[in-house]
Amino acid sequence: MNVSFPVDGDHCAATLYLPANENPPVIVMAHGLGAVREMGLAAYAERFTAAGYACLVFDYRHFGDSEGTPRHLLSPRKQLADWTAAIAYARTLPQVDSDRVVAWGTSFGGGHVLATAARHPAGLVAAIAQCPFTDGISSALAMHPASSAKATVAAARDVVGHRLGRPPHLIATAGPRRGTALMTAPDAEPGYLALVPPGSDFRNEVAARAVFDILRYRPGRGVGRIEVPTLFAVCEKDSVAPAGPTLRYAARAPRGEVRTYPDGHFAIYQGDPFERVVADQIDFLRRRVPVPA
């Protein structure tokens with residue numbers, strides 16, 4: 001069912017999935033850079049629901065069905081506030097166990113999960129970070145220098161334009177190698193756009209000023225403060241969120257578990273890679289947040 005929850009005067013749109021069993025734990029879920037919940041998250045939510053877990057899958061403000069103007073504004077600070085509000089809202093749902101909330105995020109959302117879990121929100125009992133963005137500097141260094149330069153120039157133009165009251169200067173979220181985009185690895189544009197369902201009005205663009213926020217964002221640095229069991233699902237051939245830094249950060253998580261996959265950043269949402277990762281995540285959930293018999 002479609003639901004929504006308030007955040008700082010706007011509303012985030014979400015889909016609530018409920019299992020047949022009563023009083024289930026609830027998994028709060030969100031996507032990565034500029035992506036929306038229609039881009040493959042239903043497949044995960046349906047598997048988790050079949051295993052007995054409720055799921056609240058939401059779009060960040062400024063994207064998808066959520067409110068927020070200007071559109072396509074990507075702010076880690078605001079998205080972290082969306083996560084806080086989503087978890088708080090999930091705990092008000094009468095159909096779920098409000099004291100057993102799991103945070104699940106992928107890519108940039110995986111980084112948000114780690115940052116959110118480090119803050120110890122009430123009710124959070126576990127976290128799953130799939131191919132997580134953990135270090136802005138490492139992700140920037142993985143880009144082609146030409147793309148980095150172009151994106152930086154575009155970001156500066158957007159910041160100046162914003163101060164002058166102009167609409168956002170938009171660039172592609174995923175673009176061709178050496179293009180002007182947030183992600184330009186060879187598999188980025190085809191992999192990202194493959195997640196968009198046919199007939200969708202999704203727009204592959206974001207306000208360029210996000211480049212500076214992303215560069216400064218290093219959610220992996222706080223994993224040592226996460227007290228709940230945390231699953232790191234890491235793609236060994238990740239071209240966007242390099243596996244090396246993520247594995248080093250994961251080693252600091254007091255209750256961390258690591259699963260690695262011989263796949264790229266965008267392969268994990270479909271086919272055999274999806275089947276492998278979702279099976280491991282359900283196994284983690286059953287061990288760490290078991291559904292009442």
Side-chain angles (χ1 to χ4, degrees), residues 7-10 12 30-36 58-64 66-86 103 105-119 129 131-145 147-175 179-185 188 192 203-223 238-242 245-246 249 265:
V7 193
D8 298 334
D10 290 318
C12 282
H31 222 311
L33 275 175
V36 295
F58 72 94
D59 286 340
Y60 300 109
R61 281 175 292 170
H62 306 279
F63 292 93
S66 291
E67 296 176 347
T69 54
R71 304 303 293 168
H72 309 289
L73 178 64
L74 197 160
S75 164
R77 176 183 59 81
K78 297 187 76 171
Q79 291 190 351
L80 287 171
D82 295 345
W83 267 100
T84 298
T106 186
S107 191
F108 206 56
H112 291 335
V113 160
L114 299 176
T116 298
R119 298 178 180 181
C131 52
F133 172 98
T134 55
D135 191 290
I137 294 175
S138 295
S139 289
L141 291 174
M143 291 180 67
H144 192 281
S147 291
S148 295
K150 291 175 182 178
T152 300
V153 170
R157 173 182 171 181
D158 189 33
V159 169
V160 172
H162 174 62
R163 292 175 178 172
L164 296 176
R166 297 172 183 166
H169 174 58
L170 301 174
I171 61 174
T173 308
T180 306
L182 295 185
M183 299 180 288
T184 59
Y192 189 75
R203 295 172 62 182
N204 174 32
E205 55 190 16
V206 65
R209 73 194 73 165
V211 169
F212 296 133
D213 288 332
I214 292 170
L215 186 63
R216 293 190 296 263
Y217 190 37
R218 304 179 74 183
R221 300 179 71 179
V223 299
D238 201 314
S239 61
V240 174
T246 297
Y249 284 128
H265 188 82

- Query: Can you check side-chain contact (heavy atoms from CB on, under 4.5 Å) on H31 and T106, steps first, answer last?
  - Reply: CA-CA 5 Å; H31 222 311; T106 186; 3.5 Å; yes
- So F108 and Y217, would you call those rings parallel, tilted or perpendicular, with 30° and 60° as cut-offs?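 Judged by the thresholds at 30° and 60°, the geometry between F108 and Y217 is perpendicular.
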- Considering the options R209, H169, R166, R163, which one meets the side chain to side chain donor-acceptor pair (under 3.5 Å) requirement together with D158?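 The passing option is R209.
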- How long is the span from the CD atom in Q79 to the CG atom in D213, to the nearest 0.5 Å?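 Separation between the atoms: 10.0 Å.
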- Item | Distance (rounded to the nearest 0.5 Å) between N204 CG and T173 OG1 |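 N204 CG to T173 OG1: 4.5 Å, rounded to 0.5 Å.
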- Query: Should Y60 and H112 be marked as a side-chain contact (heavy atoms from CB on, under 4.5 Å) after you check the CA-CA gap, both sets of side-chain angles, and the distance that decides it?
  - Reply: CA-CA 12 Å; Y60 300 109; H112 291 335; 3.4 Å; yes
Any donor-acceptor pair under 3.5 Å linking the side chain of [X] with the backbone of [Y]?
X    : Y    : result
H62  : P70  : yes
D82  : R61  : yes
S147 : G179 : yes
S139 : V240 : yes
T84  : L80  : yes

- Going through the checks in order, is the side-chain contact (heavy atoms from CB on, under 4.5 Å) test met by D59 and C12? CA-CA 6 Å; D59 286 340; C12 282; over 6 Å; no
Where is the tightest heavy-atom contact between [X] and [Y], given as atom of each residue plus distance?
X    : Y    : result
G111 : P132 : N-CB, 4.1 Å
A181 : M143 : O-CE, 3.6 Å
A210 : L74  : CB-O, 3.6 Å

- Message: Whether the H265 and S107 side chains hold a donor-acceptor pair (N or O, under 3.5 Å, no angle test) is what I'd like checked.
- Response: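 Judged by distance alone, the side chains do pair up.
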- Message: Under 3.5 Å, is there a donor on one side chain and an acceptor on the other for Y249 and D135?
- Response: yes
- Any side-chain heavy-atom pair of P219 and F133 under 4.5 Å: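 In short, these two side chains touch, coming nearer than 4.5 Å.
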- Message: If you define the side chain from C-beta out and look only at heavy atoms, does anything of V206 sit under 4.5 Å from L170?
- Response: no
- Query: Can you list the steps and then say if L33 with I214 is a side-chain contact (heavy atoms from CB on, under 4.5 Å)?
  - Reply: CA-CA 10 Å; L33 275 175; I214 292 170; 3.7 Å; yes
